[in-house]
Number of protein chains: 2
Amino acid sequence: MNKERDDTLASRISRVLAERIISGVLPPGERLRQDHVAEEFGASHVPVREAFRRLEAQGLAVSEPRRGVRVAAFDLKEVREVAEMRAALEVLALRHAVPHLTPAILDRAEAATVAADSSRDVRSWEAANRAFHRIILEPCSMPRLLAAIDDLHAASARFLFSAWRSSWEARTDHDHRAILTALRQGKGEEAAAILERHVGWIGKTPVRTAAGEVRDAFSIIG
Amino acid sequence: MNKERDDTLASRISRVLAERIISGVLPPGERLRQDHVAEEFGASHVPVREAFRRLEAQGLAVSEPRRGVRVAAFDLKEVREVAEMRAALEVLALRHAVPHLTPAILDRAEAATVAADSSRDVRSWEAANRAFHRIILEPCSMPRLLAAIDDLHAASARFLFSAWRSSWEARTDHDHRAILTALRQGKGEEAAAILERHVGWIGKTPVRTAAGEVRDAFSIIG
DNA sequence: CGTGCGAGAATTATAGATAATCTGAAAGAC
DNA sequence: GTCTTTCAGATTATCTATAATTCTCGCACG
């Protein structure tokens, strides 16, 4: 009855709030009042405060001493920052993961890509996209690095959801497929290069590509 | 009278504990009992718990639900992980900082290097070394990135202090000087390359260099 | 020698007290 | 008349005190 016995009330609250912040239910700048949150969860304010601390560490909330906690704001500049951090860290993770990648793992990654391409809404696309990245990076076995990447993915998703208010249309992620192809051929460095460009694109302002075509809006996927 | 009006008891406790963990006063695996800590600071356990959450987010402590929190253990594998993350992120930060570097900033960085070279003990060497990195990276103006790097520096310092129990001897940091020289000549990419190698060395096991000499112990500086 | 019970200790949570901040209106200065 | 300052009331964050689960560990018992 008691949910998972193996996690604390504070961590459950922080997960729910994180989910709301990322999905945009709680907009940037919104105040998080501990008593209200506590009441909603039928808890007291102590675990709520602990949840706030975790959100703060994840960069999802900002706290001014004695003035309360607010949902963190973000601008294009921070989106770029997160994108470049992701690019740098995911490349690092992939390089370490490559020696441990098996055909079975790559098959799972391909399944995630297929799921992403056939998604009917942003939420499921984001989940599948995140799964793809997780699957190919996890074998690096670097917990601290993976945790950092997870937090960055949360920030990315937040931006994605905020920008993509309209309907979602299915699309094929050529980058993901190119990464998988390179990995299957043992071309680790080539895969890393594609990944770096793929992730680094997020938030880029309109730019003329080598082929001469112009991207009409900044990219919000990766 | 009330110290800084602009910080909370919890954050003060977390700073003190972080300092103790990094310096090794609190050894890896040591239990952190909230009641004891609370008593020491003349506080109750609530701010202590919040401090624990922050330490957890910084990777300095690990918490098992309902079983308490311990000072995080670390092995050579994690040292390498931190070193590579630092290398990746510091290179990124430096690339963005380069356009904003001024002669005045480089002079301050050089002063930090001089201070490091003339340090009589590990503590002051570490502080000066950290200052050097901070000074040349700060102009990137990427707060999230800089915060991440700070946490990684804390982890690095922890390893340094744990490995270097013996006396400290002054040494000249040629890498730092080479980085400064490159930056003064406007060779940003060269500086980045040196920085990457410099930081990435930390925790490397004995290896034969191109010149044929053998490093007798893994490197613990950077 | 392994298993289960029970006392003690520690973590987690609640409720209440304290102190700081914000709001808004009234009093005073220019 | 407008702007600034000041002060009460209400709201909220922060911390203390206390209660209730949960875990640990020693020791008896099968």
Side-chain angles (χ1 to χ4, degrees), chain A residues 1-21 25-73, chain B residues 1-21 25-73:
Chain A
M1 218 61 16
N2 269 352
K3 306 99 197 176
E4 320 299 295
R5 194 173 222 78
D6 217 28
D7 78 348
T8 177
L9 183 51
S11 75
R12 232 172 309 150
I13 295 175
S14 100
R15 270 199 302 275
V16 173
L17 292 182
E19 153 72 21
R20 287 186 196 163
I21 294 174
V25 172
L26 289 172
E30 181 93 333
R31 287 193 67 174
L32 296 173
R33 278 181 281 249
Q34 57 185 10
D35 286 350
H36 295 197
V37 176
E39 189 182 14
E40 178 190 340
F41 285 87
S44 88
H45 55 252
V46 175
V48 174
R49 290 178 64 79
E50 290 182 41
F52 284 175
R53 290 288 166 272
R54 169 166 295 180
L55 295 174
E56 204 183 345
Q58 289 177 311
L60 294 176
V62 292
S63 141
E64 290 175 280
R66 310 200 164 274
R67 299 194 46 185
V69 174
R70 291 176 173 278
V71 175
Chain B
M1 221 61 13
N2 270 352
K3 303 103 197 172
E4 319 301 295
R5 194 173 220 80
D6 216 30
D7 79 349
T8 176
L9 183 51
S11 75
R12 232 174 308 151
I13 294 176
S14 102
R15 272 199 300 275
V16 173
L17 292 181
E19 153 71 21
R20 288 187 196 162
I21 294 173
V25 173
L26 289 172
E30 181 94 332
R31 289 193 66 174
L32 295 173
R33 277 181 283 251
Q34 56 184 11
D35 286 348
H36 295 198
V37 177
E39 190 181 14
E40 177 190 340
F41 285 87
S44 91
H45 69 259
V46 174
V48 174
R49 290 178 63 79
E50 290 183 38
F52 285 175
R53 291 290 165 269
R54 169 167 292 179
L55 295 174
E56 203 184 345
Q58 289 177 312
L60 294 176
V62 292
S63 140
E64 291 174 281
R66 313 198 165 276
R67 298 193 47 185
V69 22
R70 294 175 171 279
V71 175

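Chain naming here is simple, since letters A, B, ... match the order of the sequence lines and numbering starts at 1 in each. All values below come from the heavy atoms of this structure, side chains included, with hydrogens, waters and symmetry mates left out. Small disclaimer: the values here were computed from a predicted structure and weren't measured.
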Identify the heavy atoms of [X] and [Y] that sit nearest to each other, and give their distance.
X	Y	result
A:Ser44	A:Val48	O-CG2, 3.5 Å
B:Ala72	B:Gly59	CB-O, 3.6 Å
A:Pro47	A:Leu9	CG-CD2, 4.1 Å
A:Leu60	A:Ile21	O-CD1, 3.8 Å
A:Val71	A:Pro27	CB-O, 3.4 Å

Item to check | Main-chain N/O of A:Gly29 paired to A:Arg70 side chain as donor or acceptor, under 3.5 Å | outcome: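 A pair under 3.5 Å: yes.
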
Checklist entry - Between CD of A:Glu19 and CG of A:Leu26, what distance do you get to the nearest 0.5 Å? => result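 Rounded to the nearest 0.5 Å, the CD-CG separation comes to 10.0 Å.
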
Checklist entry - From B:Leu32 CG over to B:Ser63 OG, what is the distance, rounded to the nearest 0.5 angstrom? => result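 B:Leu32 atom CG to B:Ser63 atom OG measures 10.5 Å (nearest 0.5 Å).
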
Checklist entry - Between A:Arg66 and C:dA19, does any side-chain N or O lie under 4.0 Å from OP1 or OP2? => result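 No, because none of the side-chain N or O atoms of A:Arg66 sits under 4.0 Å from OP1 or OP2 of C:dA19.
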
Item to check | N or O in side chain of B:Thr8 less than 4.0 angstrom from D:dC15 OP1/OP2 | outcome: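 Checking B:Thr8 against D:dC15: at least one side-chain N or O falls below 4.0 Å of OP1 or OP2.
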
Nearest whole Å is fine: how far is [N] [atom2] from [X] [atom1]?
X	N	atom1	atom2	answer
A:Asp35	C:dT18	CG	P	17 Å
A:Leu9	C:dT11	CG	C1'	13 Å
A:Arg70	C:dT21	CZ	C1'	13 Å
B:Arg12	D:dT14	CZ	C1'	12 Å
A:Phe52	D:dA13	CZ	P	7 Å
A:Gln34	D:dA13	CD	C1'	5 Å
A:Leu32	D:dA13	CG	P	9 Å

Review item, nucleotides 6-11 of chain D N/O atoms under 3.5 Å of protein N/O:
none

Item to check | Candidates B:Val69, B:Val16, B:Leu17 - the one meeting side chain to side chain contact (heavy atoms under 4.5 Å, CB included) with B:Val37 | outcome: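 Only match with B:Val37 under side chain to side chain contact (heavy atoms under 4.5 Å, CB included): B:Leu17.
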
Checklist entry - Which of residues 36-49 of chain A have a heavy atom under 4.0 Å from DNA chain D? => result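 Residues of residues 36-49 of chain A under 4.0 Å from DNA chain D: A:His45, A:Arg49.
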
Item to check | Axial bend angle, the helix from C:dC1-D:dG30 to C:dC30-D:dG1: five-pair end segments, nearest 10° | outcome: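 Inter-axis angle at the ends, rounded: 20°.
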
Item to check | side-chain contact (heavy atoms from CB on, under 4.5 Å) partners for A:Ala57, two or more places apart | outcome: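 Result, side-chain contact (heavy atoms from CB on, under 4.5 Å) vs A:Ala57: B:Ala57.
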
Item to check | Pair listing, salt bridge (Lys or Arg N to Asp or Glu O under 4.0 Å) test, anchored in residues 28-52 of chain B, at least two apart | outcome: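 Counting only pairs at least two positions apart or across chains, the salt bridge (Lys or Arg N to Asp or Glu O under 4.0 Å) contacts touching residues 28-52 of chain B are A:Arg49-B:Glu50, A:Glu50-B:Arg49, A:Arg53-B:Glu50, B:Arg20-B:Glu40.
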
